[in-house]
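We count residues from 1, following the sequence as given. Computed from a prediction, not measured in an experiment: that's the story for all the values here. Just follow the structure's listing: the first ligand is 1, and inside any ligand the first atom is 1.
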Amino acid sequence: MEFRNRDIISIKDFSKEEILHIIKTAKKFIPFAEGKKYSDALRGKILSSLFFEPSTRTRLSFESAMHRLGGSVIGVVETTTSSVKKGETLSDTVRMADAYSDVIVLRHSQEGAARLAAEFAEHPVINAGDGAGHHPTQCLLDLFTILNEKKRIEGLNIVLLGDLKYGRTVHSLAYALALFGANLTFVSPKTLEMPKEVVKECKNLGAKPKSTTVLEKAIKDADVLYVTRIQKERFPDPEEYNKVASSYRVDLSLLSKAKRNMIVMHPLPRVTEIAPEVDKTPHAVYFKQAFNGILVRMAILHLILGGKTR
Ligand code: CP
């Protein structure tokens, strides 16, 4: 298993064994992520944080992960403060970040942007979300969270809910859950169904995903309910967004129909799809899930930059 200097573009770049190794490594970082222990494993290393689309969790947790490992961060968080504003291309921006740092974390609105960046960079590129494409580190932290909460993935009934068309996190996650042998149910409005190619990939891995528009029925046997936001920013027509914006809402009434130990996950940010009253229930694990992002990102940075053993 070799991680050193690898680009991380899609979850499909990893075998099951490699995913489990990242998750195992991530667990070791709990006291470091909580600030109870200090590491200088990546002292002298610099991370370029290039975020051309908004982000709270991915950017902050990558930056926190790098600092917690003793490394440093430079970055661009919007196009107005960099030479992108003057018309500089993504490839030239990436070349510069590559010259100034040891690893590049890139979020971009264009699908394929991270793959392109990796062609121009000598150092590893980590895809922090490319349009409706992939978000591999989100997928890893989602798998980490399910394994941590449920101790297994194989045989679990997992419902993916919401915007399955534009939501990049569910594209990566559906593939990975199929790889790990989960029973999948996709719940969405008709117009936001899981793309056919993702369904096909799941089937190729032996899964038999079901699709429905009715959440109440799907939730009854669910062990995990993975909720997503309707991705307003990716709708070409705002009218189409308005038609589906309030399709589903997870609230206490809905949860009364679920198993007592069903967990509710969400990559966040949420808007109205999970009522705040759910936050205090034992079902809600989405804030823990967001914390787990630091662990997984510490593990990835440590592995691909060849961090010193502690
Ligand atoms: N889950 C996630 O990608 O969140 P951010 O958009 O805040 O990074």
Side-chain angles (χ1 to χ4, degrees), residues 8-11 22-23 26 33 47-68 73 75-79 103-114 117 125-146 148-149 158 160-177 192 224-235 241 250 263-274 276 278-279 284-301:
I8 298 186
I9 309 297
S10 161
I11 196 69
I22 294 169
I23 289 172
L47 177 150
S48 274
S49 181
L50 304 183
F51 278 75
F52 299 123
E53 261 202 338
S55 168
T56 298
R57 279 143 292 273
T58 312
R59 184 172 73 80
L60 295 186
S61 62
F62 259 117
E63 295 184 3
S64 174
M66 194 64 182
H67 288 301
R68 294 279 195 208
V73 178
V76 171
V77 291
E78 48 172 337
T79 51
V103 58
I104 296 171
V105 177
L106 174 71
R107 172 167 290 189
H108 201 277
S109 58
Q110 296 299 314
E111 210 168 321
V125 171
I126 302 176
N127 184 3
D130 59 336
H134 297 276
H135 195 350
T137 60
Q138 178 69 45
C139 183
L140 289 165
L141 77 89
D142 293 340
L143 296 173
F144 179 100
T145 303
I146 297 171
N148 214 34
E149 299 294 323
I158 302 188
L160 303 186
L161 168 71
D163 185 348
L164 306 186
K165 179 178 178 182
Y166 296 117
R168 58 191 166 208
T169 63
V170 281
H171 298 163
S172 302
L173 187 60
Y175 170 89
L177 292 174
L192 296 178
V224 178
L225 174 63
Y226 190 97
V227 188
T228 62
R229 177 177 64 90
I230 308 285
Q231 308 271 306
K232 185 177 184 179
E233 66 278 20
R234 307 217 189 279
F235 278 71
Y241 169 75
V250 177
I263 58 168
V264 179
M265 297 174 65
H266 192 308
L268 303 177
R270 70 169 151 184
V271 193
T272 55
E273 60 279 4
I274 300 180
V278 176
D279 299 358
V285 301
Y286 29 90
F287 293 119
K288 256 196 259 180
Q289 182 186 350
F291 172 78
N292 293 341
I294 301 190
L295 306 176
V296 162
R297 289 167 180 137
M298 286 178 90
I300 286 167
L301 291 171

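Residue pairs that meet the salt bridge (Lys or Arg N to Asp or Glu O under 4.0 Å) test with at least one member in residues 265-274, sequence neighbours left out, are Arg270-Asp279. Counting only residues at least two apart or in different chains, salt bridge (Lys or Arg N to Asp or Glu O under 4.0 Å) contacts with residues 284-297 comprise Glu149-Lys288.
Put simply, NE2 on His67 and CD1 on Ile294 are 11.5 Å apart, with the number rounded to the nearest 0.5 Å. The distance from the CG atom of Asn292 to the CG atom of Asp142 is 9.5 Å, given to the nearest 0.5 Å.
Taking a heavy-atom cut-off of under 4.0 Å, ligand 1 is surrounded by Ser55, Thr56, Arg57, Thr58, Arg107, His135, Gln138, Pro267, Leu268.
Not counting sequence neighbours, Tyr175 has no partner by the ring-ring contact (aromatic ring centres under 6.0 Å, His included) test.
No donor-acceptor distance shorter than 3.5 angstrom exists from the side chain of Arg107 to the backbone of Glu53, with no hydrogens or angles considered.
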